[in-house]
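Only a predicted model underlies this, so the values are computations on that prediction, with no experimental measurement involved. Throughout, residue positions are numbered sequentially from 1 according to the sequence presented. Whatever order the structure lists them in is the order used to number ligands and atoms, beginning at 1.
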Amino acid sequence: MTAPMEGRADEHAGGGLDGRGAAAWIRRAAELVSADAERLTRLDAAIGDGDHGHNLHRGFTAAVAALPDDEQLGETRPGKVLITAGRAIVSKTGGASGPLYGTALRRAGKALGDASEADAAAVGAALKAALEGVQELGQANEGDKTMIDALAPAAAAFAAALADGADLAGSARAAADAADAGAAATVPMQARKGRASYLGPRSAGHLDPGASSTALVLRALADVTGRE
Ligand code: ADP
Ligand code: MG
């Protein structure tokens, strides 16, 4: 007698990310960022100027407002959705994080190109492009206590999960988990980039606000790709 087969995540052919999926990602990111805005601002008050939650709430609210309406979304490519969101964030978000998040989304959108649906490999390439864009603009490396400490391990974990046979939802979950761990690992670090670096050794012992918000944005991707 054979044991009943256990359901495995990789047996479900994961769907790709279309225009509606990309918009759902931005909306979910806006929800998570807004729900946590006070916490993000408190984190920034400890090692920065106490505006990170406010900045991102404003930016992602503008990104949601800039999305095509539901009817148009059916015809809109996911790359275009991310580029639109990135532009809105750059124009509405103060602080260092506006241009950094805007660049991340625009680069991710550009990487998706004209495809009407992005498969897991394309989303992985988009995360890598986002990381490269943020590093080009901000010149931060892993260990500098910035959003890179969440984004870099997330992009790597996504690629590793995909190579192991995970679908889009599974790869996105791996990325979100890695981003959470990466953000948590910023606590003992001394900031070498951004406003927190002005504090020198006193920046150690605090969670980096940008790494923390980056983990929320990746959790949002896992949430929407994990929905059936
Ligand atoms: P500001 O520091 O201008 O007030 P925010 O408070 O909105 O901007 O964002 C602060 C976050 O931006 C930091 O916690 C850090 O994660 C991120 N950050 C700052 N400088 C850089 C950089 N050069 N590269 C990557 N991320 C950075
Ligand atoms: Mg700030």
Please check this pair: side chain of [X] against backbone of [Y], looking for a donor-acceptor N/O pair closer than 3.5 Å.
X	Y	answer
Asp149	Gly143	yes
Lys145	Thr186	yes
Glu117	Leu17	no
Ser203	Ala191	yes
Thr93	Val90	no
Asp36	Arg39	no
Asp167	Ala169	yes
Lys193	Asp144	no

Starting from [atom], what is the nearest protein heavy atom, named by residue and atom, and what distance separates them?
atom	answer
atom 12 (O) of ligand 1	Ser97 CB, 4.3 Å
atom 14 (O) of ligand 1	Asp208 OD1, 2.6 Å
atom 27 (C) of ligand 1	Leu100 CD1, 3.3 Å
atom 9 (O) of ligand 1	His52 ND1, 3.1 Å
atom 24 (N) of ligand 1	Ala140 CB, 3.6 Å
atom 2 (O) of ligand 1	Arg195 NE, 3.4 Å

Record the part of Asn55 in heavy-atom contact with ligand 1 below 4.0 Å; permitted values are side chain, backbone, both and neither.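 Just the side chain.
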Could you say whether the N/O atoms of [X] and ligand 1 ever approach to under 3.5 Å?
X	value
Asp44	yes
Lys145	no
Ile148	no
Met147	yes

Apex the Mg ion (ligand 2); atoms Asp49 OD1 and Asp44 OD2; angle rounded to 10 degrees: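 Taking the Mg ion (ligand 2) as the apex, I get 90° for this pair.
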Is any NZ, NE, NH1 or NH2 atom of the basic residue among Arg27 and Glu31 found under 4.0 Å from an Asp or Glu carboxylate oxygen of the other? no
Using side-chain heavy atoms (C-beta onward) and a distance below 4.5 Å, is Leu112 in contact with Arg77? no
Is Gln139 in contact with ligand 1, taking contact as a heavy-atom separation below 4.0 Å?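 Flag not set, Gln139 not near ligand 1.
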Report yes or no: does a heavy atom of Gly48 sit under 4.0 Å from some atom of ligand 1?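 Judged by the 4.0 Å heavy-atom criterion, Gly48 does not count as contacting ligand 1.
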Quick one: do the Thr41 and His54 side chains pair a donor with an acceptor below 3.5 Å? no
At a 4.0 Å threshold, what atoms of ligand 1 neighbour a non-hydrogen atom of Asp51?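 Checking each atom against Asp51, I get 4 (O), 5 (P), 6 (O).
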Against heavy atoms of Gly210, which atoms of ligand 1 measure under 4.0 Å?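 Every atom of ligand 1 under 4.0 Å from some heavy atom of Gly210: 13 (C), 14 (O), 16 (O).
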I want to confirm something. Looking only at heavy atoms, which of Ala191, Ser203, Gly194 is nearest to atom 20 (N) of ligand 1? Gly194
Considering Ala45, Ala96, Gly138, Gly53 one by one, which has a heavy atom nearer to atom 1 (P) of ligand 1 than any of the others? Ala96
Closest N/O/S atom of Asp51 to the Mg ion (ligand 2), by atom name? OD1
If you group Ile, Leu, Val, Met, Phe, Trp and Tyr by side-chain heavy-atom gaps below 4.5 Å, do Val224 and Leu168 land in one group? yes
